[in-house]
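In each ligand, atom 1 is the first atom listed, and ligand 1 is the first ligand listed.
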Amino acid sequence: MPVEEFVAGWISGALGLVLGHPFDTVKVRLQTQTTYRGIIDCMVKIYRHESLLGFFKGMSFPIASIAVVNSVLFGVYSNTLLLLTATSHQERWAQPPSYMHIFLAGCTGGFLQAYCLAPFDLIKVRLQNQTEPVAQPGSPPPQYQGPVHCAASIFREEGYRGLFRGAWALMLRDTPTMGIYFITYEGLCHQYTPEGQNPSSATVLVAGGFAGIASWVAATPLDVIKSRMQMDGLRRRVYQGVLDCMVSSVRQEGLGVFFRGVTINSARAFPVNAVTFLSYEYLLRWWG
Ligand SMILES: C[N+](C)(C)CCCC[C@H](N)C(=O)O
C-alpha cells in the first residue's frame, strides 16, 4: 500500500488548516449562537473581547488530529482508486479514472475520515463556542480549559459515547460531499490540462479552491445540524437525533437555517483547499 499519499495528505492538510482556522471560528459561532448580526459583526466582537487569539481558539487539537484525519482521507482515496482502476497516482494523469470511480473513492475516504474526525471535531466546536476572553485575571475560568480538559470532561459527564456526539451527522455530511470534492478537483484539472500532462500549479490551485467551495456548499445543511448536535448535551439534551434537530431547526428558524455560515465557509474553503491540493501534488511529485 503506497504510504506517500498518507504523509502528503497530513502535511498538506496542516498547512490548509492554519490558514483557514480564523474563518472556521467565525463560522461555528454564526451557526450556533444568535448574538452576532453577521460575519463582520462577529469578527469585530471576537477581536474586541478576545483579541486575535480568539480566532485561534480550539486550533491545537485539529492540528494534531489532521495527521490522522487528512492522511486517512487522501490515503484511502488514493488507495481505493488504485484498487478500482489499477493505476497509481503518477499514472493517473495519463490514464484518468472514470468519474464514477473518483466519486466512489472520495466517498470511501470521506466515510472513514469522518469516524476519526468525530471526537476531534466535537472538541474543536465546544472550545470555539466558549466566548470568555482568553486568560483574563480575575474573571471566572471557562468551562473547558483546553482540549485535553475538554475531552476528559466530556468523557466524565457524557460517557464514551458523548465523545461521538454528532458523529452520525458528520458521516452523513462527509460521505457524499467528499465524493463531490474529488470529482470537482479531478474534473477541473482534467478540463484545463493538455492530454497526458501534469496539471500546472495555477490549475491545481484553482481546481482545489473550487473543489473546496463545491463540497462545502453541498455540506453546509448537514454542517449546521452537525454543529448543533455537538453542542447539544452541554446543558440539557434538546434534540432526539439528526432528523429531530433538522425539523426543529427549520420550524424555529425557517429553511434559511441550512445555509448558515455558507458564505464564510466558501471564503474559507478556497484558500484552504487550494493550498491543500497544491502541497499534496507537489509532495507526491517530489517523492515520485
Ligand atoms: C466534505 N467537506 C465539505 C466537509 C470538507 C471538504 C474539505 C476538507 C478540507 N480539509 C477543509 O477543511 O476545507
Side-chain H-bond candidate by donor/acceptor type, [X] with [Y], under 3.5 Å:
{"X": "Asn70", "Y": "Tyr280", "answer": "no"}
{"X": "Gln31", "Y": "Lys27", "answer": "no"}
{"X": "Gln128", "Y": "Asp24", "answer": "yes"}

Regarding Arg165 and Glu157, does a basic nitrogen lie under 4.0 Å from an acidic carboxylate oxygen? no
Of the listed options (Ser215, Ala211, Gly13), which comes nearest to atom 2 (N) of ligand 1 when hydrogens are ignored and any heavy atom counts?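 Ranked by closest heavy atom to atom 2 (N) of ligand 1, first place is Ser215.
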Per-atom contacts, ligand 1 versus [X] - under 4.0 Å to a heavy atom:
{"X": "Tyr181", "answer": "7 (C)"}
{"X": "Arg173", "answer": "4 (C)"}
{"X": "Ala219", "answer": "3 (C)"}

Where is the nearest protein heavy atom to [atom]: which residue, which atom, and how far?
{"atom": "atom 12 (O) of ligand 1", "value": "Arg268 NH2, 2.8 Å"}
{"atom": "atom 1 (C) of ligand 1", "value": "Thr177 OG1, 3.1 Å"}
{"atom": "atom 4 (C) of ligand 1", "value": "Asp174 OD1, 3.1 Å"}
{"atom": "atom 9 (C) of ligand 1", "value": "Asn273 OD1, 3.3 Å"}

Regarding Arg161 and the six-membered ring of Phe164, is the cationic atom NZ or CZ under 6.0 Å from the ring centre and inside 45° of its axis? no
Do Ile180 and Tyr185 have side chains that approach each other closer than 4.5 Å (heavy atoms only, starting at C-beta)? no
